[in-house]
Amino acid sequence: MSFLAATLFLACGPAQTTPCVAQELKSADLAGGKTLPAGSCYLVKTNLSLSNGTLVAEKGVLISFSTDVGLSVTGAGRLKINGTSDAPVRFTGADPAVKWKGVRLDDSQGADNTWAWFEISNAGSEKWTGAAWSSAALFLDGSSGVVADHLTVRSSASHGLLMTAAVTNTFTNLTLAGNLTPAYVHPQVVDQLPADTTFEANTTPSVRVVFGNNDGVEGTHTWPAFTYQMEDRSFVKGALTLAPGATLKFAQNASLVVETAATLTAQGTATAPITFTRADTGLWKGLSVGGGSAGAPSVRLAFCVIEYAAGENWSGNAESKAALYLEAAAAAQVTDTTFRNNERYAVWASGRAALPGFGRNTFTDNGRVMLLHPDRVGDLGVGNTFTGNTINGLHLVSGNNDAVTAPATWKDQGVPLLVRDRFFVNAALQLDPGVTLQFAQNASLEVATTGSLSANGTATAKVTFEGQSADAAGFWKGLRFQSNLPANVLTQTIVRHAGSARWTGDSESDAALYLDASAQVTLSNVTVGPNGGYGVFREAASSNLTCTAAAFSSNVKGAVYDDDNAVTVPGC
């Protein structure tokens, strides 16, 4: 008996009582369709192609392919597999020591593309197209569609299953075993892989996703809890949900971009978090969130891990490296999520972005924690923790005209707010006990006529305004009040290291607190100093300053100065 005949005899299993003698199968045999009877065996020496009619393989059929040879079914061609549990249909290599090309369906669709108990093994030897990624044991391309039950693809030299964007398949009881990579699929068709897919002993366990940097998801999709390797930038253009336990591994500088009006829902659990991480030792870019709809969160993250990102700028701003980057008008609801080991910022939120309900998040071992527009600080809830970050504070202000434009309460996050530049308060701003603002050199806070500043410290949790450097001669500029609102009250507050520069052309106008002529401010149990210049500069006698138990100490020029006549203010 020849080696081939012996191989086929053994492969046909115990139900075969006589050797299965292989017949050679050629493309000409398939023209217009052909039925391979139950238990028959075939050898394919040259590439098979079928463009018209249906190739039917009845139960127990075995087709053995020579090295680098494959089957291509296109257009009006169909492939129907009628295997059974005890007599599956098998396509394999003629020589187990070498690989064959595999099976490709290209624009093949129709009711005859039904497969039951079908095994493809030892294929994946050659590319199907010029694309480097196009080698696979089973390549479903174009507008192809199959309905397959108990399909097994095993021992592929490359990808087990490859699916492009327009295919429409239904799989049940899918097994991908012993392949170099189990599957490589376009983002649009990831959820055609059933959630109960069996993955066994694949060399690279991840499902590869994304063929080019413009691939994306349109419509509504849910990705099962698999491990995915994201090869390039990809877009969410519709509604994408990630199942609890899913892991997305990104190639270097790859990213996930949620476009305007699209949504991403990644809500894991404490025992099955969703992880966004890198695929190798390089850094990936991160998640970008476009504008939402009427301020509703377009991204919802809960019990997620976002790590090893922020490797590349999101904009022309050299600072714009962030694991989670919110563009103008974007909104993201983030809770119970861990940001760790990100190169630059963990979160960047621009002025019109929003972070509703941002709480119980953990930041550890990031370069920087967050860069926030002043309007975003009020979004921060409670329970956030910050440990081991290179700079353990929240950076505030993108430019020197940023402002608080809506009423807000800033909660104590346990780390300082690092004010990088001048910013304005144009609405009612309240600071909770324990809040600390640390200002960069010559930075300042200015309360406009429409705004108010209430610092609500306590004896054990004071509100503090201070310099990022403890320079008693003045490091930052200070607080300026133009507002005449009664809500301008500083209670149990410390103001120090200010007075670095004049507020006006007046040589005496360097002061920690500067009150315009129409301003109104109450200081209660406040410590002012050490500071450069004066503790308080009143632009005119009409500047309404009230002091109760205010302590001025180590202010270079003195406590309070009135530009008109140096009026003494009781309690100051």
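The structure presented is a predicted model; accordingly, all values stated were derived computationally and were not measured.
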Side chains of [X] and [Y] only: does a donor on one sit below 3.5 Å from an acceptor on the other?
X: Asp375; Y: Thr405; result: yes
X: Thr92; Y: Ser121; result: yes
X: Asn122; Y: Lys99; result: yes
X: Arg233; Y: Asn253; result: no
X: Thr114; Y: Lys80; result: yes
X: Ser125; Y: Asp68; result: yes
X: Asn342; Y: Asn366; result: yes
X: Asp86; Y: Thr84; result: yes
X: Glu466; Y: Gln438; result: yes

Passes side-chain hydrogen bond (donor to acceptor under 3.5 Å, both in side chains), Ser206 versus Thr227? Steps please.
-> CA-CA 5 Å; Ser206 305; Thr227 297; 5.4 Å; no
Over all heavy atoms of both residues, which pair between [X] and [Y] is shortest? Give the atoms and the distance, please.
X: Val404; Y: Trp410; value: CG2-CZ2, 3.8 Å
X: Val190; Y: Tyr228; value: CG1-CE2, 3.4 Å
X: Arg420; Y: Glu319; value: NH1-OE1, 3.2 Å

Pairwise distance [atom1]([X]) to [atom2]([Y]) - rounded to 0.5 angstrom:
X: Leu287; Y: Trp314; atom1: CG; atom2: CH2; value: 7.0 Å
X: Phe276; Y: Cys304; atom1: CZ; atom2: SG; value: 5.0 Å
X: Arg300; Y: Thr265; atom1: CZ; atom2: OG1; value: 7.0 Å
X: Leu301; Y: Asp336; atom1: CG; atom2: CG; value: 11.0 Å
X: Leu355; Y: Thr335; atom1: CG; atom2: OG1; value: 12.0 Å

Any chance the rings of [X] and [Y] have centres within less than 6.0 Å?
X: Tyr308; Y: Trp284; result: no
X: Phe118; Y: Phe91; result: yes
X: Tyr325; Y: Tyr345; result: no

Thinking salt bridges, do Glu307 and Arg340 make one under a 4.0 Å N-O criterion?
->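 A salt bridge is present here (some side-chain N lies under 4.0 Å from a carboxylate O).
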Answer yes when Lys285 and Glu312 have at least one side-chain N-carboxylate O distance shorter than 4.0 Å, and no when they do not.
->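 Yes, Lys285 and Glu312 are salt-bridged.
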Give a yes or no on whether the backbone of [Y] and the side-chain of [X] come within a donor-acceptor separation of less than 3.5 Å.
X: Arg78; Y: Ala76; result: yes
X: Gln109; Y: Ser143; result: yes
X: Asp402; Y: Val397; result: no
X: Glu327; Y: Ala353; result: no
X: Thr181; Y: Thr204; result: no
X: Asn361; Y: Asn384; result: no
X: Asn113; Y: Val146; result: no

Listed by chain and number, what are the side-chain hydrogen bond (donor to acceptor under 3.5 Å, both in side chains) partners of Asn392, not counting sequence neighbours?
->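 For Asn392, the residues satisfying side-chain hydrogen bond (donor to acceptor under 3.5 Å, both in side chains) (neighbours in sequence not counted) are Asn389.
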Step by step, work out the side-chain hydrogen bond (donor to acceptor under 3.5 Å, both in side chains) result for Asp141 and Thr164.
-> CA-CA 5 Å; Asp141 196 10; Thr164 53; 2.9 Å; yes
Partners of Phe423 by ring-ring contact (aromatic ring centres under 6.0 Å, His included), sequence neighbours excluded?
->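 Scan of Phe423 (ring-ring contact (aromatic ring centres under 6.0 Å, His included), adjacent residues dropped) gives none.
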May I ask you to check if Arg208 and Tyr184 form a cation-pi contact, with NZ or CZ under 6.0 angstrom from the six-membered ring centre and within 45° of the axis?
->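 Yes; both conditions hold, so Arg208 lies above the ring face of Tyr184.
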Quiz item: cation-pi between Lys59 and Trp117, 6.0 Å / 45° |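 No, Lys59 and Trp117 do not form such a contact.
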Heavy atoms of other groups near Glu343 CD, more than 12 under 6.0 Å =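 12 or below, so no.
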Let me have the donor-acceptor pairs involving side chains of residues 238-247, under 3.5 Å, with sequence neighbours excluded, atom names and distances please.
none

